[in-house]
There are 2 protein chains.
Amino acid sequence: MPARVTTLKELAASLGLSITTVSRALAGHQQIALKTRERVAQAARQAGYVANTAARTLVSGRSGFVGLVLPIRGPHLVDSFLGEFVTGLGEGLVAHGADLILATAAQDQAELAVLRHVVESGRADGVVITRIAEVDERLAYLRNRGFPFVAHGRLLDSDFAYNWLDTDGAHAFGEAFDMLYDLGHRHFGLVTISEPMTFRHLRQDGLAAAIARRGDPSVRLDVATASRFDRGARIQAVNRLLQGPSRPTAIIALFDELALTVMEEAARTGLTVPRDLSVIGFDNVLASAYAPPGLTTFDASIRQCAREIADMLLTIIAEKPAEPLTRLIRPALVSRASHGPAPRTRKMTPA
Amino acid sequence: MPARVTTLKELAASLGLSITTVSRALAGHQQIALKTRERVAQAARQAGYVANTAARTLVSGRSGFVGLVLPIRGPHLVDSFLGEFVTGLGEGLVAHGADLILATAAQDQAELAVLRHVVESGRADGVVITRIAEVDERLAYLRNRGFPFVAHGRLLDSDFAYNWLDTDGAHAFGEAFDMLYDLGHRHFGLVTISEPMTFRHLRQDGLAAAIARRGDPSVRLDVATASRFDRGARIQAVNRLLQGPSRPTAIIALFDELALTVMEEAARTGLTVPRDLSVIGFDNVLASAYAPPGLTTFDASIRQCAREIADMLLTIIAEKPAEPLTRLIRPALVSRASHGPAPRTRKMTPA
DNA sequence: AGCAAAATTTAAAACGTTTGCAATTTCGAA
DNA sequence: TTCGAAATTGCAAACGTTTTAAATTTTGCT
């Protein structure tokens with residue numbers, strides 16, 4: 001078994017070369033004789049030498065890490081978003097030899113403070129931020145700081161440009177409306193959340209725009225709002241829609257979790273999906289395939305998006321492009337069995 | 001807006017103190033006058049000073065990171081394991097100010113090589129390894145290297161002790177058998193995988209032990225095996241169990257994904273769960289709650305386990321306990337609607 | 001053989017922090 | 001006052017690497 005070589009100094013000594021030469025040889029500099037480069041590479045491989053990250057980072061100013069702040073959420077992690085996102089980032093990063101660092105923000109701790117810490121400590125060369133809020137201090141901070149970042153999601157309007165990748169929720173919601181309209185639906189319901197996330201507005205606006213495009217005054221839209229994290233309130237909101245004197249024939253939910261609640265409540269109150277009610281979600285979470293009769297939804301392909309975000313960020317770090325990079329991904333309709341033609345006769349909700 | 005203070009040197013200069021004093025003051029050393037400590041803390045806070053991680057790591061030998069190697073899996077990430085695991089680790093780490101680094105192993109790249117790189121580069125003070133294989137070179141490497149680690153899962157037998165946390169799959173499978181036996185089932189099916197993971201043996205052995213404990217010769221167990229990653233083969237294996245001349249009245253699946261396949265295939269071939277067939281899974285993935293009629297399974301509470309793993313690892317790093325830490329978590333039965341009394345009359349499979 | 005240019009190697013500084021040891025200041029008692 | 005001890009602060013080395021600038025060796029020509 002080979003002697004444990006931990007440092008460049010030891011490796012250099014064992015080769016009878018200077019630290020400088022070994023360092024350069026390993027980095028593949030042309031100025032080092034080919035024969036020497038090979039000899040060094042061979043010795044390093046055999047000794048299992050790996051350069052110390054801290055030392056390299058300290059002198060080069062590059063850590064080779066990309067940061068992601070992980071907000072601790074409630075006890076029920078109901079989707080695979082994080083897993084897919086992280087996997088996608090990993091895939092994107094590994095191609096360039098970069099790694100991911102995940103800094104956790106404790107529940108009471110502002111996410112901004114953790115982000116700041118990651119940036120100021122030099123742990124990462126760039127960061128990814130997700131779940132963009134209407135007024136997002138992270139964006140302002142990173143922008144002021146001039147620190148490389150890519151946002152997953154967008155601001156509604158901003159007086160500055162930045163790098164982002166977003167799924168085109170507006171387009172998806174327009175598509176959902178058009179499809180349902182063509183199936184004869186005229187009375188729509190929208191289940192949405194009260195949290196100030198921008199994706200909510202983007203999707204709602206896309207729906208409103210699609211409605212406006214039709215110019216059909218008989219189209220009606222009822223909106224029910226609840227907190228994202230309060231399951232009880234969500235169920236209540238859904239039932240406000242379902243139990244009114246006149247009930248929508250089609251409900252579009254801001255995301256699958258809400259759509260699944262709609263389907264559960266519909267079933268509980270004796271409605272059959274899609275005969276009595278069409279439901280469309282967004283995200284294509286795993287459960288949407290299993291929840292009967294199968295939820296029609298949009299696939300945002302989180303993993304693929306994350307991979308592209310990683311690519312974008314590495315490009316930004318390496319090349320500092322003058323123009324910001326932006327990318328709008330059109331989500332794909334996943335047509336399952338939760339939507340269908342509008343019912344002919346308006347049935348009242350069963351008592 | 002305060003001048004940007006990036007280094008200790010600048011902060012010290014602005015305070016008229018030496019670097020040493022400021023460093024010690026920030027570290028809270030008693031030998032520095034309280035008044036000075038307060039003055040320094042105030043200035044640091046106001047300037048937003050954060051110590052450079054690379055420099056600190058280099059000199060102290062501690063990075064404050066815990067590593068996890070992320071194997072890239074197939075295109076379909078069907079569960080929320082990674083997300084929950086990472087969230088749990090984050091929760092456990094944040095309490096001690098540690099962060100997580102995720103190193104991705106490209107598909108063709110051996111996970112061991114990536115692990116080695118993480119360890120040898122000094123990026124992490126300890127690592128977590130998951131999905132323990134029957135013969136696991138990672139364990140041997142870390143052990144030889146004397147590097148702090150915690151395994152999520154166990155070897156079947158080993159000639160050395162190490163730190164691990166595992167869910168007691170053997171107990172769960174015994175419990176599942178006992179419950180089904182008491183419901184009158186005598187003919188069992190087991191759907192398992194061909195991959196050499198230890199958890200497979202632990203669970204199967206638990207089942208075998210429970211069967212042996214009953215000492216009832218009328219108990220019969222059919223086993224179907226398929227690759228974890230080949231959906232077609234999995235479906236075939238399930239159907240071998242379902243379509244035989246005499247079919248089990250209860251099927252236990254190694255994990256939920258297989259159990260869901262059983263339920264799908266049962267429904268497809270006209271069997272009603274749980275009237276004709278009881279099905280029990282393991283993991284309690286999200287979809288198991290939605291897949292009709294609701295899968296009875298065991299909840300391994302990945303998130304909680306991960307949090308404990310983080311705690312264990314930080315303890316190991318800080319205190320280097322002489323005895324290895326081990327922890328066996330008993331998974332909780334999640335009783336849904338996929339199991340019931342054994343059918344009275346043996347129905348043949350419908351043609 | 002001798003010399004300039006090219007090729008190859010090296011010494012030393014720098015990155016920003018922690019820390020052993022020494023220097024300085026403060027303070028109470030003689 | 002003055003002295004010694006205690007309290008407080010500072011110098012300088014060290015961590016392991018990259019990189020600038022300079023030194024050394026080799027090569028090609030005459």
Side-chain angles (χ1 to χ4, degrees), chain A residues 4-41 43-44 47-65 97 117-125 318, chain B residues 3-41 43-44 47-65 97 117-125:
Chain A
R4 174 146 298 286
V5 173
T6 52
T7 72
L8 209 48
K9 186 148 85 174
E10 288 168 37
L11 186 59
S14 80
L15 281 161
L17 288 170
S18 73
I19 293 177
T20 308
T21 302
V22 176
S23 172
R24 287 210 171 102
L26 289 173
H29 288 201
Q30 296 296 325
Q31 65 185 301
I32 302 297
L34 181 61
K35 212 163 59 178
T36 309
R37 291 210 297 272
E38 283 168 347
R39 196 162 64 98
V40 170
Y49 170 78
V50 178
N52 180 290
T53 299
R56 171 175 284 177
T57 301
L58 186 56
V59 63
S60 73
R62 281 279 171 84
S63 69
F65 283 115
H117 191 263
V118 169
V119 170
E120 304 299 338
S121 67
R123 290 159 126 80
D125 302 330
Chain B
R4 173 146 296 287
V5 173
T6 51
T7 72
L8 209 48
K9 186 150 83 173
E10 289 169 35
L11 185 60
S14 79
L15 282 161
L17 289 169
S18 73
I19 293 177
T20 307
T21 302
V22 176
S23 173
R24 288 207 172 105
L26 289 173
H29 287 202
Q30 297 295 325
Q31 65 185 300
I32 303 297
L34 181 60
K35 213 164 58 180
T36 309
R37 291 212 296 272
E38 284 169 347
R39 196 161 64 96
V40 170
Y49 170 79
V50 178
N52 180 292
T53 299
R56 171 174 284 177
T57 300
L58 186 57
V59 64
S60 72
R62 282 278 173 85
S63 69
F65 282 116
H117 191 262
V118 168
V119 170
E120 305 298 338
S121 68
R123 291 158 126 80
D125 302 331

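Below, chains carry the letters A, B, ... as their sequence lines are ordered, and counting in each starts from 1. Given the structure is predicted, the values throughout are model-derived calculations rather than measurements.
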Among [options], the one nearest [X] by side-chain distance:
X       : options                : value
A:Ser18 : C:dT18, C:dA11, D:dT18 : C:dA11
B:Leu8  : C:dT10, C:dT17, D:dT17 : C:dT17
B:Val59 : D:dT9, D:dT17, C:dT18  : C:dT18

* Asked: Looking only at N and O atoms, is any donor in the side chain of A:Thr20 or the base of C:dA12 less than 3.5 Å from an acceptor on the other one?
  -> yes

* Would you state whether a donor and an acceptor, one from the side chain of B:Arg24 and one from the base of C:dG20, lie under 3.5 Å apart? => yes

* **the helix from C:dA1-D:dT30 to C:dA30-D:dT1: angle between end helix axes, five pairs per end, rounded to 10 degrees** => 50°

Categorize [X] for me: base, sugar-phosphate, or nothing, with a 4.0 angstrom heavy-atom threshold over every strand shown.
X       : result
A:Ile19 : base
A:Thr57 : nothing
B:Ser60 : nothing

* Nearest nucleotide by nearest heavy atom, which residue falls closer to the 5' end of DNA chain C, A:Ala55 or B:Gln31? ->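 First, find each residue's nearest nucleotide; the 5'-ward one identifies A:Ala55.
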
* Asked: In whole Å, what is the span from the CG atom of A:Leu26 to the C1' atom of D:dT18?
  ->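 Answer to the nearest Å: 12 Å.
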
* For A:His29 and D:dT17, give me the distance from atom NE2 to atom P, rounded to whole Å. =>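 About 15 Å, once rounded to whole Å.
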
* **Least distance between heavy atoms, B:Ser63 atom then B:Thr53 atom** =>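 Shortest heavy-atom separation between B:Ser63 and B:Thr53 comes out as O-CG2, 4.3 Å.
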
